[in-house]
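See structure below.
Bear in mind the structure is a predicted one, so any value in this text is a computation, not a measurement. Along the sequence shown, residues carry numbers from 1. Just so it is clear, the values below take in all heavy atoms, side chains as well, and ignore hydrogens, waters and symmetry mates.
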Amino acid sequence: MKSFVISWPSLDLKVNCEPISENKNVYDLFCENLPMKVLQGHEVVGGYMLRDRTVRFDKKPYDIKDAKEITMDTAEEGTVFLTAAQCGSGELVVKYGECVDNRGYIPFAKVSAEDMAALKKAGKAAWKSASRTKDIIISEIKGV
């Protein structure tokens with residue numbers, strides 16, 4: 001699998017994500033567990049970050065202990081991360097704008113440059129949902 005797509009059907013948006021050089025083992029494991037469907041969330045205080053809470057690894061367990069982490073505030077926009085493994089699951093986090101969060105996350109993919117506008121639209125919709133409307137937004141993640 002060369003890439004995966006995150007889509008938000010209710011928003012009619014999608015982005016293509018490709019592996020980065022760090023944490024190739026995490027990328028491969030993530031892709032082996034696709035497809036996934038999760039409730040789209042948004043970071044509340046750390047910055048412009050989409051958060052898919054409780055991403056389950058049902059096919060192959062998420063048990064990687066030696067992944068390289070970087071802090072969210074230093075990462076490039078469009079970087080896709082996982083949080084450390086907890087009970088076979090994690091959180092998928094996508095940075096789409098400025099962040100002050102200096103906690104470590106596991107980078108493993110990047111949104112393609114031509115899809116950054118769609119990512120920012122999805123981010124704004126998720127923030128609006130989290131802070132005002134409480135609309136339910138589902139993200140679907142599939143391999144390509």
Are Val111 and Met116 side-chain neighbours, meaning at least one heavy-atom pair lies under 4.5 Å? yes
Working note: Asp66 + Asn25, criterion side-chain contact (heavy atoms from CB on, under 4.5 Å); need CA distance, chi angles, decisive distance, verdict. CA-CA 10 Å; Asp66 61 346; Asn25 56 342; 3.9 Å; yes
Determine, using ring centers only, whether Tyr62 and Phe30 are less than 6.0 Å apart. no
Could you check whether any side-chain N or O of Asp73 sits under 3.5 Å from a backbone N or O of Cys99, counting only pairs where one atom can act as donor and the other as acceptor? no
If I compare all heavy atoms of Ala118 with all of Val15, which pair ends up nearest, and what's the gap? CB-CG1, 4.0 Å
Please check if the number of heavy atoms outside Glu114 that lie under 6.0 Å from its CD is greater than 12. yes
What I want to find out is whether Lys59 reaches Glu32 closely enough, with some N-O distance under 4.0 Å, to be called a salt bridge. no
List the steps and the verdict of side-chain contact (heavy atoms from CB on, under 4.5 Å) for Glu91 and Val55. CA-CA 5 Å; Glu91 292 184 17; Val55 176; 5.7 Å; no
Mind checking whether Phe81 and Phe108 have ring centres under 6.0 Å apart? no
Any side-chain heavy-atom pair of Thr71 and Tyr105 under 4.5 Å: no
Nearest 0.5 Å please: distance from the OG atom of Ser139 over to the CG atom of Leu39. 8.0 Å
If you compare all heavy atoms of Thr83 against all heavy atoms of Arg51, which two are closest, and at what distance to 0.1 Å? CG2-NH1, 4.2 Å
Donor-acceptor check, side chain of Asn33 to backbone of Lys60, threshold 3.5 angstrom: yes or no? yes
Side chains of Lys68 and Ile106, heavy atoms from C-beta outward: is any pair under 4.5 Å? no
Are Trp127 and Trp8 in one and the same hydrophobic cluster, where Ile, Leu, Val, Met, Phe, Trp and Tyr link if side-chain heavy atoms are under 4.5 Å apart? yes
Lys95 side chain vs Met72 backbone, donor-acceptor pair below 3.5 Å: yes
Counting only heavy atoms not in Asn102, do more than 12 sit closer than 6.0 Å to its CG atom? yes
Partner of Cys17 under side-chain contact (heavy atoms from CB on, under 4.5 Å), chosen from Leu119, Ile141, Thr79, Ile6: Ile6
Verdict with reasoning, Lys142 to Leu34, per side-chain contact (heavy atoms from CB on, under 4.5 Å): CA-CA 6 Å; Lys142 299 177 181 175; Leu34 296 178; 5.9 Å; no
Using a strict threshold of under 4.0 Å (side-chain N to carboxylate O), is an ion pair present between Lys120 and Glu77? yes
Do Tyr96 and Val80 share a hydrophobic cluster (ILVMFWY, side-chain heavy atoms under 4.5 Å, transitive)? yes
Say whether Val5 and Val93 are linked into one hydrophobic cluster, either directly or through other cluster members, by side-chain heavy-atom distances under 4.5 angstrom. no
To the nearest 0.5 angstrom, please state how far the CG atom of Asp28 sits from the CD1 atom of Ile64. 8.5 Å
State, without any angle test, whether Ser3 and Asn16 hold a side-chain donor-acceptor pair at a distance under 3.5 Å. yes
Could you check whether any side-chain heavy atom of Lys121 comes within less than 4.5 Å of a side-chain heavy atom of Leu11, counting everything from C-beta outward? no
Quick check: closest heavy atoms across Asp115 and Lys14, and the distance to 0.1 Å? CG-O, 4.3 Å
Could you state whether Val26 and Val94 fall into the same hydrophobic cluster, counting links through intermediate Ile, Leu, Val, Met, Phe, Trp or Tyr residues with side-chain heavy atoms under 4.5 angstrom apart? yes
Donor-acceptor contact below 3.5 Å, side chain Lys134 vs main chain Ala130: yes
Applying the 4.5 Å side-chain criterion to the ILVMFWY set and letting contacts propagate, would Val38 and Ile138 be lumped into a single cluster? no
Just how far is it from atom OG of Ser10 to atom CG of Asp135, taken to the nearest 0.5 Å? 8.0 Å
Electrostatic pair Lys110:Glu18 at N-O distance under 4.0 angstrom: no
Smallest heavy-atom separation, Pro107 atom then Ile70 atom, equals CG-CG1, 3.9 Å
Let's go through Asp52 and Gln40 carefully: what are the C-alpha distance in whole Å and the side-chain angles of both, what is the deciding distance for side-chain contact (heavy atoms from CB on, under 4.5 Å) to 0.1 Å, and is it a yes or a no? CA-CA 5 Å; Asp52 289 338; Gln40 183 62 67; 2.9 Å; yes
